Q: 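Below is a structure I'd like to ask you about.
All values derive from a computational prediction rather than experimental measurement. Nothing fancy with the numbering, it's 1 onward along the sequence.
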Amino acid sequence: MKSTLSGPRARTSSRLAAVLVAASLLAVAGCGSSDDTDTQAGATGGAAGGETSIDLVGFAVIQAAYDDLAQEFAATDAGKGVTVKGSFGASGAQSRAVIAGQDADLVALSLTPDVDNIAKEGLIDEAWSSGEDKGIVSDSVVVLAVRKGNPKGIHGWADIVKPGIGIVTADPGTSGAAKWNLLGAYSQALGENDDTAAAEAYLQQFIGNVVRWNDSGRTATDAFVKGTGDVLISYENEAIAARAAGIELDYVVPDTTFLIENPAAVTTTAPQAAKDFLAFIQSDEGQQVLTAHGFRSVSGLAPAQGVEGANDPANPFPDVDIITVEDLGGWSTVNDELFDKENGLVTKLRG
């Protein structure tokens, strides 16, 4: 089941680095809803004067990275005169908003099913994930963020289900981050023998210790930063970003953890500029922007310089054993068995 996270990225492994900005982490409690911004510096949001406007719909934690991607893209021949208008929020809610009619030329969401749901409505080409990287543009892994100095002595998955430990995480009903978090908790407990009984027992303890469910990964970070709980289940890039922004917390990368894969796709009505922007994100130049913001590159690129906020800025991404969605049978199996709203294991345990 497990593969070692090292070397160039295969589909069952990845490299990731993360640095976001303080605004992404200290957003107000309402930041789970869509937040419309222009991601090109100085842009008006219009397409006047020969400009082309791209409507980007993304999940919350990528905003700072995509701000910089838009600026770097604007400096290329393909990006001249292009304004990227961003709407950011919880991945599941963003997916539903596009289906309901929200303007979108490019979607960049937390997990593949959120893009697939849009494709099923005919708004994205159903072959969007047929390429070598399966539509994935950035990676991360699940980590455990703790209070500065780690006063509760949390060093791995076993420690967070002990009595008296308060867990903060996002809610799988609205957030892609939550599904990654819960998959990390569940899958590591399976062990080498795929012990589903042990994994279910662990997940029950995990859910029993949750003191706050949040509508997105960003609001979960905000709640933890403001004092809720003892441990935050989070993206590695989000934890690094908090430290880079001066927030006092530590984080633990478990010896065994879960690979987070973030997809992006253009809509069927997208202008050429949106297709060019996606191609830029997938390019080495775009991937370097993402690694600078703490996302492991899908192409295996290492950060060009030290990553501020990482445990070891010069060697920020330790090799660990990872488990992937494919290891668990794919999203169809995972969503049916764990996240189905009536019969999923998570639903039953939370009931």
Q: To check you understand the geometry: which heavy-atom pair defines the closest contact between S299 and Q287, and what is its length?
A: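 Scanning both residues completely, I find the closest heavy atoms to be OG-CG, 3.8 Å.
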Q: With side chains defined as the heavy atoms from C-beta onward, is the minimum distance between P254 and Q188 less than 4.5 Å?
A: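 Contact flag for P254/Q188 side chains = no.
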Q: In the single-linkage hydrophobic clustering (I, L, V, M, F, W, Y; side-chain heavy atoms under 4.5 Å), do V266 and I62 co-cluster?
A: yes
Q: Is there side-chain contact between I154 and I160, with heavy atoms separated by less than 4.5 Å?
A: yes
Q: Without swapping roles, check the side chain of Q94 against the backbone of S87 for a donor-acceptor pair under 3.5 Å.
A: yes
Q: With under 30° as parallel and over 60° as perpendicular, where do the rings of W331 and W180 fit, or are they tilted in between?
A: perpendicular
Q: For the pair Y235 and F59, name the ring-plane relationship: parallel under 30°, tilted 30 to 60°, perpendicular over 60°.
A: perpendicular
Q: Could you check whether D222 pairs with R212 (Lys NZ or Arg NE/NH1/NH2 to Asp/Glu carboxylate O, under 4.0 Å)?
A: no
Q: Does the side chain of W157 come within less than 4.5 Å of V142's, by heavy atoms?
A: yes
Q: Can you name the side chain to side chain contact (heavy atoms under 4.5 Å, CB included) partners of R96, sequence neighbours left out?
A: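 With neighbours one apart ignored, the set is A93, T174.
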Q: What are the two closest non-hydrogen atoms of L278 and A264, and how far apart are they?
A: CD1-CB, 3.9 Å
Q: For D105 and D55, indicate whether the former's side chain and the latter's backbone hold a donor-acceptor pair under 3.5 Å.
A: yes
Q: Tell me if a side-chain donor or acceptor on D195 pairs with a main-chain N or O of L190 at a distance below 3.5 Å.
A: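 Flag not set: sc D195 to bb L190 has no pair under 3.5 Å.
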Q: Is it true that a side-chain atom of T221 and a backbone atom of G217 form a donor plus acceptor pair closer than 3.5 Å?
A: yes
Q: Do V115 and V57 belong to the same hydrophobic cluster, where Ile, Leu, Val, Met, Phe, Trp and Tyr are linked whenever their side-chain heavy atoms lie under 4.5 Å apart, directly or via other members?
A: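 Linked within one cluster.
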Q: Report the C-alpha distance between H293 and V289 in whole Å, list the side-chain angles of each, state the deciding distance to 0.1 Å, and finish with yes or no for side chain to side chain contact (heavy atoms under 4.5 Å, CB included).
A: CA-CA 7 Å; H293 281 271; V289 173; 4.3 Å; yes
Q: Looking at K162, is its backbone amide N or carbonyl O close enough to the side chain of N209 to form a donor-acceptor pair, meaning the two atoms are under 3.5 Å apart?
A: yes
Q: Contact between R243 and N311 at the side-chain level, heavy atoms closer than 4.5 Å - yes or no?
A: yes
Q: Does atom CG of D336 have more than 12 heavy-atom neighbours from other groups under 6.0 Å away?
A: yes
Q: So Y186 and V334, side chain to side chain contact (heavy atoms under 4.5 Å, CB included) or not? Walk me through it.
A: CA-CA 11 Å; Y186 176 81; V334 164; over 6 Å; no
Q: Ignoring hydrogens and angles, tell me if any N or O in the side chain of S91 forms a donor-acceptor pair with the backbone of G176 under 3.5 Å.
A: no
Q: Quick one: CD on Q272 to OG1 on T52, what's the gap to the nearest 0.5 Å?
A: 10.5 Å
Q: Which heavy atom of A310 sits nearest to which heavy atom of P313, and what is that distance?
A: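 The answer is O-CD, 3.6 Å.
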Q: Is it the case that Q288 and T291 place a side-chain donor and acceptor less than 3.5 Å from each other?
A: yes
Q: Indicate yes or no for a side-chain donor-acceptor contact from D250 to the backbone of G149 under 3.5 Å, with no hydrogens or angles considered.
A: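 Here the side-chain-to-backbone pair exists.
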Q: Can you tell which of N150, D230, V231 makes a side chain to side chain contact (heavy atoms under 4.5 Å, CB included) with L144?
A: V231
Q: Roughly how far, to the nearest 0.5 Å, is OG of S138 from OH of Y66?
A: 5.5 Å
Q: So, taking the atom named NZ in K341 and the one named OG1 in T347, what distance separates them when rounded to the nearest 0.5 Å?
A: 9.0 Å
Q: Give a yes or no on whether N193 atom CG has more than 12 heavy-atom contacts from other residues, nucleotides or ligands under 6.0 Å away.
A: no
Q: With rounding to the nearest 0.5 angstrom, report the CD1 to NZ distance, I260 to K179.
A: 14.0 Å
Q: When rounded to the nearest 0.5 angstrom, what distance separates OG in S283 from CG in D276?
A: 11.0 Å
Q: Evaluate the criterion side chain to side chain contact (heavy atoms under 4.5 Å, CB included) for residue pair V141 and F317; output intermediate values, then yes/no.
A: CA-CA 10 Å; V141 294; F317 311 115; over 6 Å; no
Q: Less than 4.5 Å apart, side chain to side chain, heavy atoms only: is that true for L106 and V84?
A: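 No, their side chains stay 4.5 Å or more apart.
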Q: Counting C-beta onward and ignoring hydrogens, is there a side-chain heavy-atom pair between F224 and I247 closer than 4.5 Å?
A: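 The answer is no, as the side chains (C-beta and beyond) never meet within the 4.5 Å cut-off.
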Q: How far does CZ of F88 sit from CZ of R218, to the nearest 0.5 angstrom?
A: 8.5 Å
Q: Provide the closest heavy-atom pair for A189 versus A198 in the form atom of the first, atom of the second, distance.
A: O-CB, 3.9 Å
Q: Given side chain to side chain contact (heavy atoms under 4.5 Å, CB included), test D255 with D321 step by step and report yes or no.
A: CA-CA 6 Å; D255 291 338; D321 288 340; over 6 Å; no
Q: For residues 117-129, please give each side-chain donor-acceptor pair under 3.5 Å, one per line with the distance, not counting sequence neighbours.
A:
| from | atom 1 | to | atom 2 | distance (Å) |
| --- | --- | --- | --- | --- |
| N117 | ND2 | P113 | O | 3.3 |
| D125 | OD1 | A127 | N | 2.8 |
| W128 | NE1 | D116 | OD1 | 2.9 |

Q: Would you tell me whether T324 and D327 have side-chain atoms, one donor and one acceptor, within less than 3.5 Å of each other?
A: yes
Q: Search all heavy atoms of S95 against all heavy atoms of L109 and return the closest pair with its distance.
A: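 Here S95 and L109 meet closest at CB-CD1, 4.1 Å.
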Q: Taking the side chain as everything from C-beta on, heavy atoms only, tell me whether E261 gets closer than 4.5 Å to D139.
A: yes
Q: Would you call the rings of F280 and F277 parallel, tilted or perpendicular, taking 30° and 60° as the class edges?
A: parallel
Q: Which heavy atom of V211 sits nearest to which heavy atom of G166, and what is that distance?
A: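 Closest heavy-atom pair between V211 and G166: CG1-CA, 3.8 Å.
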Q: Given 3.5 Å as the limit, does a donor-acceptor pair link the side chain of D68 with the main chain of A65, or not?
A: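 It does not hold such a pair.
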Q: For the backbone of I233 and the side chain of N181, can you confirm whether one donor and one acceptor N or O come within less than 3.5 Å of each other?
A: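 The answer is yes, because a donor-acceptor pair under 3.5 Å joins these two groups.
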Q: Between L56 and L111, is there shared hydrophobic-cluster membership here, with clusters defined by ILVMFWY side-chain heavy atoms closer than 4.5 Å?
A: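 Both belong to a single hydrophobic cluster.
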Q: Do the non-hydrogen side-chain atoms of L182 and F258 ever get within less than 4.5 Å of each other?
A: no
